[in-house]
Amino acid sequence: MQERKGVITFAGNPLTLLGSELQIGSQAPEFNLQANDLSQKKLSDYSGKVVIISVVPSLDTGVCDAQTKRFNQEASALGDHVKILTVSCDLPFAQARWCGAAGVSNLETLSDHMNLNFGLAYGVAIKELRLLSRAVFVLDQNHKLVYSEMVPEVTSEVNFQAALDAAKKVA
């Protein structure tokens, strides 16, 4: 497993990411995540859709909360051909509770808590914390990577507009 040291920081402290960095134009890796009802979700479940994958360390933090609420708000304007997923290591039950309390219903929250399958495949697993780094990926209808942002400081926000523009361009 590739280790990428110092690619990101948390509160200024360097961390190690596990997995390879995805390249624009590459086929997005398949994943196996848990939905809030404990069913399994794979990338292939979203066949033919543009997919925005918003990656957060934990929904119960301020920046992650704001990121997920913002993408939830933007989802309705994107139409049925675009699917937004928020992936974290939070337990599915915690994700469901958070969504209910936050009124988030326009996107899906998926959990990578069991084996970091997504985090390792997408190169966003934080070795020291066993959480996912803050990132956003946009995949076209064929699930090729058209946009990627790995936020250098985990406590900073993603570039929402750039991700949304990338999704609109291929939708």
Side-chain angles (χ1 to χ4, degrees), residues 1-34 41-43 50-75 83-92 94-95 98-99 102 104 107-140 143-167 169-170:
M1 177 64 50
Q2 182 181 4
E3 291 190 9
R4 299 171 7 249
K5 297 179 188 288
V7 175
I8 61 163
T9 59
F10 180 72
N13 299 309
L15 295 172
T16 306
L17 291 177
L18 300 175
S20 301
E21 180 180 358
L22 298 182
Q23 301 300 313
I24 300 297
S26 66
Q27 192 67 38
E30 185 64 82
F31 54 70
N32 191 9
L33 297 166
Q34 277 189 306
K41 289 290 195 168
K42 297 179 179 189
L43 179 58
V50 171
V51 181
I52 299 173
I53 306 174
S54 171
V55 186
V56 299
S58 176
L59 291 169
D60 285 320
T61 64
V63 180
C64 300
D65 175 279
Q67 179 173 328
T68 306
K69 286 177 179 174
R70 171 75 186 271
F71 277 121
N72 182 68
Q73 177 185 352
E74 298 286 350
K83 189 69 180 170
I84 301 178
L85 310 175
T86 292
V87 179
S88 74
C89 286
D90 295 308
L91 293 174
Q95 290 179 337
W98 182 90
C99 287
V104 168
L107 57 76
E108 279 185 67
T109 54
L110 300 172
S111 179
D112 198 22
H113 80 96
M114 286 186 54
N115 58 16
L116 293 177
N117 170 271
F118 175 90
L120 297 171
Y122 283 70
V124 294
I126 302 173
K127 180 179 181 179
E128 295 85 352
L129 302 175
R130 201 183 184 287
L131 295 172
L132 303 179
S133 182
R134 185 173 318 287
V136 64
F137 302 99
V138 178
L139 314 177
D140 70 10
H143 296 162
K144 291 211 186 253
L145 184 66
V146 297
Y147 178 83
S148 173
E149 179 187 10
M150 177 77 58
V151 180
E153 169 55 48
V154 176
T155 61
S156 298
E157 290 187 343
V158 298
N159 184 336
F160 295 103
Q161 198 56 56
L164 294 166
D165 288 347
K169 186 176 178 183
V170 296

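It should be emphasised that the depicted structure is a prediction, and the values quoted were computed from it without experimental measurement. If you read the sequence from its start, that first residue is 1, and numbering goes on from there.
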With no hydrogens and no angle check, is any side-chain donor or acceptor of R134 less than 3.5 Å from a backbone partner on P57? no

Counting distance only, does the side-chain N/O of E157 pair as donor-acceptor with the main-chain N or O of Q67 below 3.5 Å? no

May I have the step-by-step check of side chain to side chain contact (heavy atoms under 4.5 Å, CB included) for K169 and V146, ending in yes or no? CA-CA 10 Å; K169 186 176 178 183; V146 297; over 6 Å; no

[atom2] on [Y] to [atom1] on [X], rounded to 0.5 Å:
X    : Y    : atom1 : atom2 : answer
L17  : Q2   : CG    : CD    : 10.0 Å
N117 : E30  : CG    : CD    : 8.5 Å
S20  : M1   : OG    : CE    : 7.5 Å
M150 : E21  : CE    : CD    : 6.5 Å
S133 : E153 : OG    : CD    : 9.5 Å
L33  : K41  : CG    : NZ    : 10.5 Å

Least distance between heavy atoms, [X] atom then [Y] atom:
X    : Y    : value
F31  : L43  : CE1-N, 3.4 Å
A166 : Y147 : CB-CB, 3.5 Å
G25  : K144 : O-CD, 3.6 Å
S58  : C64  : O-CB, 2.8 Å
P29  : A121 : CG-O, 3.5 Å

Hey, does [Y] have a side-chain heavy atom less than 4.5 Å from the side chain of [X]?
X    : Y    : answer
E108 : I84  : no
D65  : W98  : yes
L116 : R130 : yes
Y122 : V55  : no
S88  : T109 : no
L129 : V154 : no
F10  : L131 : no
T16  : I126 : no

Verdict with supporting geometry, L15 and K127, side chain to side chain contact (heavy atoms under 4.5 Å, CB included): CA-CA 7 Å; L15 295 172; K127 180 179 181 179; over 6 Å; no

Under 6.0 Å from the CD atom of Q27, do we count more than 12 heavy atoms belonging to anything else shown? yes

L59 and T86: side chain to side chain contact (heavy atoms under 4.5 Å, CB included), yes or no, with the steps? CA-CA 9 Å; L59 291 169; T86 292; 4.1 Å; yes

Would you check, one step at a time, whether the test side chain to side chain contact (heavy atoms under 4.5 Å, CB included) holds for F137 with V87? CA-CA 11 Å; F137 302 99; V87 179; over 6 Å; no

With V136, the side chain to side chain contact (heavy atoms under 4.5 Å, CB included) member among I53, V158, L164: V158

For a side chain to side chain contact (heavy atoms under 4.5 Å, CB included) with S148, tell me which candidate from L139, I24, V138 qualifies. I24

